[in-house]
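See structure below.
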Amino acid sequence: MSTLRRGRHFYANPGPTNIPDSVLHAVAHTSIDFNDPEFFAVYQASVAGLKRVLRTQHEVFLYTASGHGAWEATLVNLCSPGDTILMLESGYFSESWASMARRFGLRVETVAADWRRGVDLADVTAALRADAGHHIRAICAVHNETSSGMALPLADLRRAIDAAGHPALLLADTISSLGSFDFRMDDWGVDAVVGGSQKGLMLPTGFSFTAASPKALAAHAKASLPRFFFDWTTMLQRPHRSFTGTVPTTLFYGLAESIRLLEEEGLEAVFARHARLAEGVRRAVRVWAGNDGPEFFCLDPARRSNTVTAVLMPEGMNAEPVRRIALERFNVSIGGGLGRLGGKVFRIGHLGDLNEPMVLGTLAAVEMSLGLAGVPHGSGGVAAAMAWFAEAAASHG
Ligand SMILES: *Cc1c(COP(=O)(O)O)cnc(C)c1O
């Protein structure tokens with residue numbers, strides 16, 4: 001049954017995310033020449049803000065493309081045909097990035113991992129030590145694997161790479177972590193950072209970017225994969241030091257506002273809010289897991305993501321009816337399983353412009369939908385989340 005949608009549509013996918021009203025207003029800007037000084041000032045200020053969120057002093061290249069474009073841009077600007085990259089397996093997104101690399105004629109070595117646990121960092125050190133000839137050009141890591149709800153500790157990864165004394169570039173996909181939990185490009189020695197507009201930055205889909213370290217720029221100078229739209233060398237000669245073709249101007253009025261929102265709250269407070277909301281979701285999942293109900297997909301509690309929780313259905317049960325009921329009956333959109341996880345998991349996104357009652361609304365819709373779909377589960381998940389949010393509110397005065 002399909003029903004008319006009334007009230008606020010609850011969008012609890014892990015991306016795109018809710019767009020704050022003030023950002024919506026900001027992007028509703030009339031066309032302006034992207035070389036107009038008035039726009040250029042907004043552009044420069046918002047890119048400077050983006051660098052503060054990335055915690056970097058380095059160059060940032062922006063593209064009119066979704067995150068996939070930034071993946072591609074990063075590979076073609078840093079690699080030559082036949083180069084080897086080391087992909088750390090995490091889930092659907094590491095698999096897709098690896099497929100893209102193969103299509104460009106790169107050799108992909110994989111540090112294999114169980115998607116429910118993620119890579120063992122000792123295996124990364126071992127793979128790098130085994131590469132005595134230093135053929136591996138780049139190590140690719142997904143900071144937050146959005147398909148499985150798993151975060152990779154990048155500071156620890158940096159140490160694992162340093163332990164091997166390997167000179168490969170470190171590439172990190174931060175599309176679903178940036179602006180939501182801690183990421184420090186320069187401190188952690190990340191050479192190329194991939195990000196997008198529509199997740200933690202709370203913007204419409206439309207631009208993505210790569211931040212590039214001096215070491216990455218030096219590698220770029222020697223990299224020979226064909227590129228045109230994404231060519232950093234061409235971009236560096238343009239006033240915007242980014243973009244081939246028209247700059248999506250409206251998105252930068254939005255970016256200026258989203259940076260203002262993040263900094264008004266304070267990045268540390270933004271991260272604390274995400275941690276608190278994520279814990280509320282986890283309290284609910286723990287309760288639902290009773291009575292042979294659905295359980296955490298990510299088995300390592302230390303790696304459970306603060307932006308998305310993937311919930312594994314009981315053996316033999318499909319997640320799609322739960323998602324359909326949540327959408328059709330309660331106007332709540334949750335994420336489905338990607339790739340080989342299709343039908344096996346549903347995903348609750350908890351990043352961006354979000355507060356406790358919004359999370360509780362989503363959790364209530366999911367709990368009701370589990371019941372309506374005939375999925376066994378422990379009841380009282382929402383109450384457990386409420387108790388946690390109340391406890392957290394009390395302890396923070
Ligand atoms: C969303 C996402 C992508 C893909 O980004 P698009 O904007 O959909 O192209 C890549 N990696 C991760 C980790 C993501 O969450």
Side-chain angles (χ1 to χ4, degrees), residues 11-19 50 54 61-76 85 87-101 103 113 115 118-119 138-154 157 170-183 185 190 192-211 229-230 248 251 254-255 258 274 278 297-298 303-310 333-342 345-352 354:
Y11 194 80
N13 264 289
T17 66
N18 297 297
I19 304 173
L50 181 58
L54 285 156
F61 300 100
L62 299 114
Y63 330 104
T64 308
S66 79
H68 279 77
W71 268 355
E72 180 165 329
T74 306
L75 295 176
V76 298
I85 62 163
M87 182 66 66
L88 310 193
E89 184 171 9
S90 51
Y92 176 79
F93 286 103
S94 69
E95 214 168 52
S96 306
W97 201 5
S99 305
M100 178 185 274
R103 195 76 70 84
W115 287 14
V119 290
I139 301 153
C140 297
V142 177
H143 186 205
N144 187 69
E145 177 52 72
T146 321
S147 67
S148 65
M150 190 192 65
L152 189 69
L154 286 183
L157 172 62
L170 174 56
L171 279 46
D173 170 344
T174 67
I175 295 178
S176 62
S177 54
L178 189 70
S180 304
F181 60 86
D182 200 18
F183 174 74
M185 177 176 185
V190 184
V193 183
V194 174
S197 58
Q198 80 275 22
K199 294 184 186 178
L201 295 177
M202 307 174 288
L203 290 163
T205 310
F207 76 78
S208 58
F209 51 88
T210 311
F229 183 70
F230 289 121
L251 291 173
L255 178 59
S258 80
H274 280 81
F297 181 77
C298 179
R303 286 190 176 180
R304 282 181 195 144
S305 166
N306 280 346
T307 62
V308 52
T309 298
S333 170
I334 58 174
L338 298 173
R340 68 168 93 141
L341 297 182
V345 306
F346 61 84
R347 295 174 303 141
I348 300 174
H350 32 87
L351 74 162
L354 214 59

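First listed ligand is number 1; within each ligand, the first listed atom is number 1.
The backbone N or O of G69 sits nowhere less than 3.5 Å from a side-chain atom of S208 that would complete a donor-acceptor pair.
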Which N/O atoms of ligand 1 sit under 3.5 Å from a protein N/O, and at what distances?
{"unit_1": "ligand 1", "atom_1": "7 (O)", "unit_2": "G67", "atom_2": "N", "d": "2.7"}
{"unit_1": "ligand 1", "atom_1": "7 (O)", "unit_2": "Q198", "atom_2": "NE2", "d": "2.7"}
{"unit_1": "ligand 1", "atom_1": "9 (O)", "unit_2": "S66", "atom_2": "OG", "d": "2.6"}
{"unit_1": "ligand 1", "atom_1": "9 (O)", "unit_2": "G67", "atom_2": "N", "d": "3.1"}
{"unit_1": "ligand 1", "atom_1": "9 (O)", "unit_2": "H68", "atom_2": "N", "d": "2.9"}
{"unit_1": "ligand 1", "atom_1": "9 (O)", "unit_2": "H68", "atom_2": "ND1", "d": "2.6"}
{"unit_1": "ligand 1", "atom_1": "11 (N)", "unit_2": "D173", "atom_2": "OD2", "d": "2.6"}
{"unit_1": "ligand 1", "atom_1": "15 (O)", "unit_2": "T146", "atom_2": "OG1", "d": "2.4"}
{"unit_1": "ligand 1", "atom_1": "15 (O)", "unit_2": "K199", "atom_2": "NZ", "d": "2.7"}

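Residues Y92 and L341 are not in side-chain contact: their nearest non-hydrogen atoms beyond the backbone lie 4.5 Å or more apart. Contact annotation: the side chain of I85 never approaches that of W97 to less than 4.5 Å [non-hydrogen atoms, C-beta and beyond]. I139 places a side-chain heavy atom less than 4.5 Å from the side chain of L88.
Both the sub-6.0 Å distance and the 45° axial angle are satisfied by K199 relative to the ring of F93.
With no hydrogens or angles considered, a side-chain donor-acceptor pair links Y63 and T210 at under 3.5 Å.
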